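Remarks on the structure that follows.
The model shown is predicted, which means the values in this text are computed figures rather than measured ones. Numbered from 1 within each chain, the chains take letters A, B, ... in sequence-line order.
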Amino acid sequence: MSSENERQGGGAEGAGPEQLALIRETVRKAKVPKAKPRTWRGAALAKELPVARVVVNKGVLHLDQYFDYAVPEELDADAQPGVRVRVRFGAGARNVRDGRREGGGLIDGFLVERRAESDYSGPLAALAGVVSPERVLSADMLALARAVADRYAGSLADVLQLAVPPRNARAEAKPSPEPCPPPPEPAAATWERYPQGPAFLRALADGGAPRAVWTALPGPHWTQEIARAVGATLASGRGALVVVPDGRSAGRVDAALTELLGEGRHALLTAESGPERRYRQWLAVRRGAVRAVVGTRAAMFAPVERLGLVVVWEDGDSSHSDDNAPFPHVREVLELRAAHDKCGFLLGSTSCTVEAAQLVQSGWAAPLVADRAVVRAAAPLVRTVGDGELARDEAARAARLPSLAWQAVRDGLKTGPVLVQVPRRGYAPRLACARCRTPARCGQCAGPLEAPDERELRCTWCGTAETDWHCAECGTNRLRAQIVGARRTAEELGRAFPAVPVRTSGRDHVLDSVPGRPSLVVSTPGAEPVAEGGYAAALLLDGWAMLSRPDLRAGEEALRRWISAASLVRGQSEGGTVVVVAEPTLRPVQALVRWDPVGHAVRELAERAELGFPPVSRMAEAVGRPEAVEAFLMAAQLPPDAQVLGPVPLPVADPGRPRRPGDPPVGERWERALVRVPPGSGAALAAALKAAQAARLARGGGDPVRIRIDPPDIG
DNA sequence: AGCACGCCGACT
DNA sequence: GTCGGCGTGCTC
């Protein structure tokens, strides 16, 4: 981890503005001789280290630097590094010559250092107050936040906002429990299914820092396996941190930890527990009373004392991307923590992202995988029904499902629950002609059409309603709408097996688990309940929609969703069967059939390396109105090996996706430029973009341009 | 983003 | 002379 910009923040990199500032400073010095740590309004200052270095809680990039304040005597004791403070900040506070004016508002900040003197030449304002003597920000956390800010071209204050939860006075007043002594080292148990598993635990228990990309076998054992890795780390006298994608998984790992370690040794940090309880848990961790943490993405910054292991589960899940500036990703932040704290690293998933494959290929982490024979026995039998096959087979079309699928459902229901994975509503694929498959386009602007409900057709670009669509190629007026079809198929399945109960799990109503009795469970991706004893069979109808998306990750994402649903099905040795409706020649489909997510990721990685795509290259995006993007790129001093792609009009957002801050205003066409650099120039790219953005904002902002490193969706 | 400072035209 | 327009630049 680089420690550039340690002092006085990471703001202006360019020499020009700094030199100007220097000249101004000298002029001012000449005018106001000897502006030493002078008392502000003559108040008494702390005798020792009277200067407090403060990071102010303003996320703006050009204020990403430390500011020095004088420490009044009465705040001396409480004003320790790491506490929250209040300071006057703003142009008004500067005018201290008449000792009366106190312009500038009070804002929050963190005190990061006490010093003997300031290198700021003007008179210092005094700290307005110490919010609480609780030292919430450690030196380690500050360094991590700095590294994350630099990695993502963001400001320290923005990252700190993610890393330190808002204060809650009631929670702070309560004492934290006494810390527990280290537990005994747990047995390896199901880790023995992986040849390197027991050795990995051993290394953790011995105080080592092993790093692994773990391809988990399908089934429910992963929670206990993570708990055992945590237990081994605790046994070495160190702490551990586990980050999972959602509250349900967090609850499962929490239960496994309680089972293995008992109550009181670990904390559960999720948004669901509410602010007071959450802050109390967080404080218990910060105070060193609790050494193990499991939580969702905000927990990636949990201030675990003497960190020995970080774990990320299912790194391909999109909820591991934070949606607040600067949009850090859990996997990347935990990589930075592992490097900085020299602790163990475990990335676990039933699937495999390209980034995970890269960690192995670069040698940064070791693979932790089971033997092929073990994988084959644990995974269900996967069969495919091709799209073309379905279209040709008249009988299947009439029944809306091929006979193979019917057969799998009928057989499965004899021995247990059957899972039916359907696409999310509003997750509209491109509509196409039902006969010749020509994409359906808007008559006004040729944009793609969507069907928000079954009776209405609308253009996703211009919004025009299409009332009388006919295929431009063959003239038919029948459209193919796979989403609607899949939902109806699920309903028809229910009617076809009237004796069997049908349960649904989706966005608004997510089931956690279902009993082992025969039933039909219809679920959207990510909301699949676990079944007691595993599902007897699964039917995956999500393929066509997923794979038709013009996204670099479409294949990886489809495979991930399929594998995570299929992982809930009994192994082949117990008769578990999966039928996926997708073209069998496609690479992700073949990878599912062979149950080879790593092979898929490795091949994707090779292809991306060849094409110069991330994560082999580092990419950043600049989004805004066309003139603004152009001006930004002109002004930015990009590294010499940077390559600018575009700008091109911003792809239209998925209909149904909620609007996020930073989205273009409705009706405005924004453009997006991608900037890419070869491996090794990522830091330089981030620094250049940050400097350009800071300079822009300092000059009054103007047209906003949104910068993002590693954008999650690049066409 | 705010907010003060400064260098221009109309006014008692 | 002086009040106040808003353009420019700083915030310890």
Side-chain angles (χ1 to χ4, degrees), chain A residues 5-12 14 16-29 31-32 34-43 45-46 49-72 75 79 81 83-130 154-158 160-161 325 624 628 635 661-662 691 693-706:
Chain A
N5 307 329
E6 210 98 271
R7 287 176 59 255
Q8 287 297 86
E18 282 219 330
Q19 261 161 13
L20 280 180
L22 261 172
I23 292 163
R24 264 198 302 276
E25 295 292 3
T26 358
V27 168
R28 192 183 294 163
K29 239 184 219 161
K31 253 199 210 160
V32 187
K34 267 277 176 284
K36 268 281 155 187
R38 186 181 90 181
T39 310
W40 196 58
R41 286 189 298 158
L45 294 187
L49 307 177
V51 174
R53 190 149 272 190
V54 171
V55 46
V56 295
N57 243 351
K58 278 197 165 246
V60 236
L61 275 178
H62 56 287
L63 295 181
D64 193 15
Q65 48 180 289
Y66 298 136
F67 291 89
D68 288 345
Y69 286 82
V71 181
L75 297 180
V83 301
R84 298 180 209 260
V85 291
R86 289 185 64 77
V87 294
R88 286 198 185 282
F89 192 80
R94 174 166 41 109
N95 181 14
V96 293
R97 256 155 292 177
D98 54 343
R100 296 237 136 212
R101 300 272 273 276
E102 292 191 9
L106 277 175
I107 64 168
D108 288 319
F110 295 98
L111 198 165
V112 297
E113 192 189 352
R114 286 284 297 267
R115 330 179 87 222
E117 50 190 274
S118 173
D119 42 21
Y120 179 65
S121 54
L124 299 182
L127 287 180
V130 172
S155 68
L156 182 61
D158 275 347
L160 288 177
Q161 199 137 29
Q693 183 77 315
R696 198 180 167 75
L697 289 166
R699 268 185 281 104
D703 251 0
V705 175
R706 195 188 72 197

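Rounded to whole Å, the distance from CG on Leu61(A) to C1' on dC10(C) is 17 Å. Protein atom NZ of Lys58(A) is 14 Å distant from nucleotide atom P of dT11(C), rounded to whole Å. Between Arg86(A) atom CZ and dC12(C) atom P the separation is 15 Å, expressed in whole Å. Residue His62(A) contributes atom NE2, which lies 11 Å from atom P of dG2(B) at whole-angstrom precision. Taking atom OH on Tyr69(A) and atom C1' on dT11(C), their separation rounds to 8 Å, with Å as the unit. Rounded to whole Å, atom P of dC12(C) lies 9 Å from atom CD1 of Ile107(A). One atom, CG of Leu124(A), and another, C1' of dT11(C), lie 13 Å apart when rounded to the nearest Å.
Residue Tyr120(A) and nucleotide dC12(C) are classified as a stacked aromatic pair, their ring centres being separated by less than 5.5 Å at an interplanar angle below 30°.
Every residue meeting the side-chain contact (heavy atoms from CB on, under 4.5 Å) condition with Leu49(A), not counting sequence neighbours, appears here in chain and number order: Arg114(A), Ala116(A). The side-chain hydrogen bond (donor to acceptor under 3.5 Å, both in side chains) search around Asp108(A) returns Arg86(A), not counting sequence neighbours.
Two residues are said to be in side-chain contact when any heavy atoms from C-beta on lie closer than 4.5 Å; Val60(A) and Ser155(A) fail this criterion.
Between the NE2 atom in His62(A) and the CZ atom in Arg696(A) there is a gap of 13.0 Å [rounded to 0.5 Å].
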